[in-house]
Amino acid sequence: MSRRRQIYEGKAKILYEGPEPGTLIQYFKDDATAFNAQKKGTISGKGVLNNRISEHIFTLLGNIGVPTHFIRRLNMREQLIRQVEIVPIEVVVRNVAAGSISKRLGIEEGTQLPRTIIEYYYKDDALGDPMIAEEHIACFGWASQDEMNDIADMAVRINDFLSGLFAGIGIRLVDFKLEFGRLWENDFSRIILADEISPDGCRLWDMATNEKLDKDRFRRDLGGEAEAYQDVARRLGLLPEGETAVLDLETHRKKRGK
Ligand code: UDP
């Protein structure tokens, strides 16, 4: 590994100093965690797939006018991004009941919601990312009202776009998590989409079989996580035949310690 300065290490990614001021390099690991990091493991090749999937989705979102931190992919596990000040809020968009909403409110998993729900969680590992209301965000100054309006507008646009994108490849977008950041230009800042969009932070169900093609395979010990992530990448057209060989080769090299 190179001697670049590491800025931050998260559960699934590492951020390094970028080549120019205002840029960072986002490195995608194979590490997987769940239940606030109480469950830990690795999904072989996940970092490579999430790097490609997130690149693809952020590029498409950029094309429809959603501002994002993505600049370009650098290699199999790294992408160049704009440095932002992360808004300490996880934005969850739900189309179908699953996971925490099903548990908390007793709604059967798989129930289509009559309208899309946007929820906010305070990003704080020590507190276990508690759910918050917009009142808390305003009260504690985590984001301004203008910023929250931009965030909610973008979340709805992203949901509409991604629901259609995934429906086109036979996948139901059940729910997903977004993170936003402030991009500072002189004394002004604007909100842009940050982090990643990948099967790590989305629930993706096969429309025909309801098979889970996301991190729930890991959370719920269903097995076949790597294959599920590969299936998503393949359906998005990112993994033509032969490219699995590249993934296999990388895994092979790693096993031999090279
Ligand atoms: N999610 C995430 N990171 C988190 C919490 C949730 O990416 O820290 C995603 C999760 O993958 C799912 C959606 O947000 O697609 C809704 O998650 P939920 O609130 O149901 O929590 P979970 O059941 O995953 O604990």
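Start at 1 and go down the list; that is how both ligands and their atoms are numbered.
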Among all protein non-hydrogen atoms, which one is nearest to atom 1 (N) of ligand 1, and what is the separation to 0.1 Å?
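Looking at atom 1 (N) of ligand 1, the protein heavy atom closest to it is K177 CB, 3.8 Å.
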Could you find the nearest protein heavy atom to atom 4 (C) of ligand 1 and give me its residue, atom name and distance?
E90 OE1, 3.4 Å
Using 0.5 Å steps for rounding, measure from the [atom1] atom of [X] to the [atom2] atom of [Y].
X	Y	atom1	atom2	answer
E134	Y120	CD	OH	4.5 Å
L60	I158	CG	CD1	12.0 Å
H56	L238	NE2	CG	5.0 Å
I197	E179	CD1	CD	11.0 Å
E227	R234	CD	CZ	9.5 Å

On a heavy-atom basis, I'd like to know which of [options] is closest to [atom].
atom	options	value
atom 23 (O) of ligand 1	E179, R104, R203	R203
atom 11 (O) of ligand 1	R220, R219, K11	R219
atom 13 (C) of ligand 1	L204, D175, I197	D175

Hydrogens and angles aside, do R182 and S144 bring a side-chain donor and acceptor to less than 3.5 Å of each other?
no
E55 versus N51, side-chain donor and acceptor atoms under 3.5 Å:
no
Residue portion contacting ligand 1 (non-hydrogen atoms closer than 4.0 Å) for [X]:
X	result
V92	side chain
F35	neither
D129	side chain
E119	neither
K103	neither

[X] bridged to [Y] by N-O distance under 4.0 Å:
X	Y	answer
D30	R77	yes
K46	E225	no
D214	R203	no

Any protein heavy atom lying closer than 4.0 Å to atom 25 (O) of ligand 1?
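Looking at atom 25 (O) of ligand 1, one finds that no protein heavy atom lies closer than 4.0 Å.
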Atom 9 (C) of ligand 1 protein-contacted, heavy-atom criterion under 4.0 angstrom
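Within 4.0 Å: yes, protein heavy atom nearby.
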Check each atom of ligand 1 against the heavy atoms of [X] and keep those under 4.0 Å away; list them by number with element.
X	result
G99	20 (O), 23 (O)
A98	20 (O)
Y121	19 (O)
D200	7 (O), 11 (O)
S100	18 (P), 19 (O), 20 (O), 21 (O), 23 (O)
R94	16 (C), 18 (P), 19 (O), 20 (O)

Under 4.5 Å side-chain heavy-atom separation, chaining through any Ile, Leu, Val, Met, Phe, Trp or Tyr, what else clusters with W205? Say none if it is isolated.
V96, V174
